[in-house]
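Ligands are counted one by one from 1 in listed order, and the atoms in each one are counted from 1 as well. Numbers here are sequence positions counted from 1.
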Amino acid sequence: MRKIETQCVQAGWEPKNGEPRILPIYQSTTYKYDSADQIAKIFDLEEDGHTYSRMSNPTVAGLEERVCALEGGVAALCTGSGQSANFLSVFNIASCGDNFIAFTSIYGGSVNMFVMTFRRMGIEARFVTPGMSDEEIEAKIDDRTRCVFGEMIANPALNVFDVERYAALAHRHSIPLIIDNTFATPILARPFEYGADIVVHSMTKYMDGSSQVLGGAIVDSGNFDWAASGKFPEMTEPDESYHGVVYTRDFGKKAYITKARVQLMRDIGPVLSPAAAYTLYIGIDSLAVRMERHSENAMKVARFLEGQEKVESVNFPLLESSDQYALAQKYLKKGSCGVVSFVVKGGREKAMRFMNALDMIDIVVHVADARTSILHPASTTHRQLTDQQLLDAGIEPGMVRLSVGIENIDDIIADLKQAFDRI
Ligand SMILES: *Cc1c(COP(=O)(O)O)cnc(C)c1O
């Protein structure tokens, strides 16, 4: 197997003799066939091929192969956003009356979807915290619990997920572990190597890298045995909506992704467009080198902030002072991405003033971009959360989330320094 830096530029689109070297943008919803017979075979899933771009498209397929290779999975499905990837990843295996376990320290948009939107469908998210014992978490699992969902590096609390521990916990109950690996990316963290079953991404973040398009991905390790579990009839019994296909029987290790594609993408349709897939594909070319620089710059910024008297606390998993340090050393050997959060002394108001005093660093509702940017979670991304949900997600009112970019570190620190001097 090739190394990950190589996969970033080599995996995916493989041109045949005389074909374009770079993944083409196939801006077509439709595909042409020589005979009616042939298209029938593709519809029956007997042969590979594209029928309609809601289900698959060659440009999107190139990206799917690339993301799949990076995570070391067996199959991937790309979606129009990270949110739709998260949604489909759970909805693919949970129906009305089911429940699932989710960690509180996940992206605010995911909390909202899990609590509110899933509830409307009769699916209950049961929240747990990393501080709980295995026994306390397992007490929430019953025979209708369908998965455990966590975030590799939590946005924005920056908790590092103990993949090995929670994979073992999930597997004791014959349910899969789903990890949102958005912040760490496959460059910095390898959830499958520690027992995670499914990985989801908001590709909108580091994979794009330049804040151009939204996109999401679901990657399956192929390791979870749906049939042996006995808890997933939708995977192991005939799908009436697809003339009796049995996903585990007919698609083996690709059962989960095939079901998500031919059933949920078909019915719900949160597709990634070919143009966006192309942009993300090219973004990934530089992912490995960018992640190294993001991580290195963030480490230096975290150390600078630690020495600042106007800063109350700094949260960066790879600081020795962090309560996440041991987990970070285990799971994030190559770095902890560009995100550093810190609490400005003086609470919400001082934090706002600090942000306004920045010159180069932009205030944006985004993270994980090549350009250093800053955000105040309590008043933006996590605005819909109650104070208790904010605290559960590890967010204090004076906390700002800095997304350290790939500029020269001297310019980043100079900007932070002049802003501290002015408040
Ligand atoms: C941004 C984000 C999402 C949502 O992704 P979109 O592409 O914005 O829909 C999900 N999970 C995490 C960890 C994120 O940072």
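- The shortest contact between atom 10 (C) of ligand 1 and any protein heavy atom is with Y107 CD2, 3.5 Å.
- Of the protein's non-hydrogen atoms, the one nearest atom 13 (C) of ligand 1 is D180 OD2, 3.4 Å.
- Between K205 and ligand 1, an N or O atom pair is found at a separation short of 3.5 Å.
- Of all protein heavy atoms, the one lying nearest to atom 9 (O) of ligand 1 is Q83 N, 2.9 Å.
- Distances below 4.0 Å separate heavy atoms of N86 from the following atoms of ligand 1: 10 (C), 11 (N).
- Within a 6.0 Å sphere centred on CG of D267, other residues, nucleotides and ligands contribute more than 12 heavy atoms.
- For ligand 1, the atoms closer than 4.0 angstrom to any heavy atom of F183 are 15 (O).
- The nearest heavy-atom contact from the protein to atom 5 (O) of ligand 1 is S202 OG, 3.0 Å.
- Looking only at side-chain heavy atoms (C-beta outward), F100 and I175 stay at 4.5 Å or farther from each other.
- Between S221 and D197, the side chains place no donor N or O within less than 3.5 Å of an acceptor N or O (distance only, hydrogens not considered).
- A 6.0 Å sphere centred on NZ of K254 holds no more than 12 heavy atoms belonging to other residues, nucleotides or ligands.
- Taking the ring axis of Y281 as reference, the NZ or CZ atom of R66 stays within 45° of it and closer than 6.0 Å to the ring centre.
- Counting heavy atoms from C-beta on, the side chains of M235 and S229 never come closer than 4.5 Å.
- Within ligand 1, the atoms closer than 4.0 Å to a non-hydrogen atom of T182 are 12 (C), 13 (C), 15 (O), numbered from 1 in the order shown.
- Compare D208, T204, V213 by their heavy atoms: the one nearest to atom 7 (O) of ligand 1 is in T204.
- Distances between N or O atoms of G82 and those of ligand 1 include at least one value under 3.5 Å.
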**OP:** Just do the ring-ring contact (aromatic ring centres under 6.0 Å, His included) check on F118 and F87 with the steps written out, would you?
**Re:** CA-CA 9 Å; F118 273 103; F87 174 78; 5.4 Å; yes

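- Among the atoms of E151, none of the N or O lies under 3.5 angstrom from an N or O of ligand 1.
- Formation of a donor-acceptor pair under 3.5 Å by the Q7 side chain with backbone atoms of R2 is found in this model.
- Here the protein heavy atom with the shortest distance to atom 8 (O) of ligand 1 is L214 CD2, 4.0 Å.
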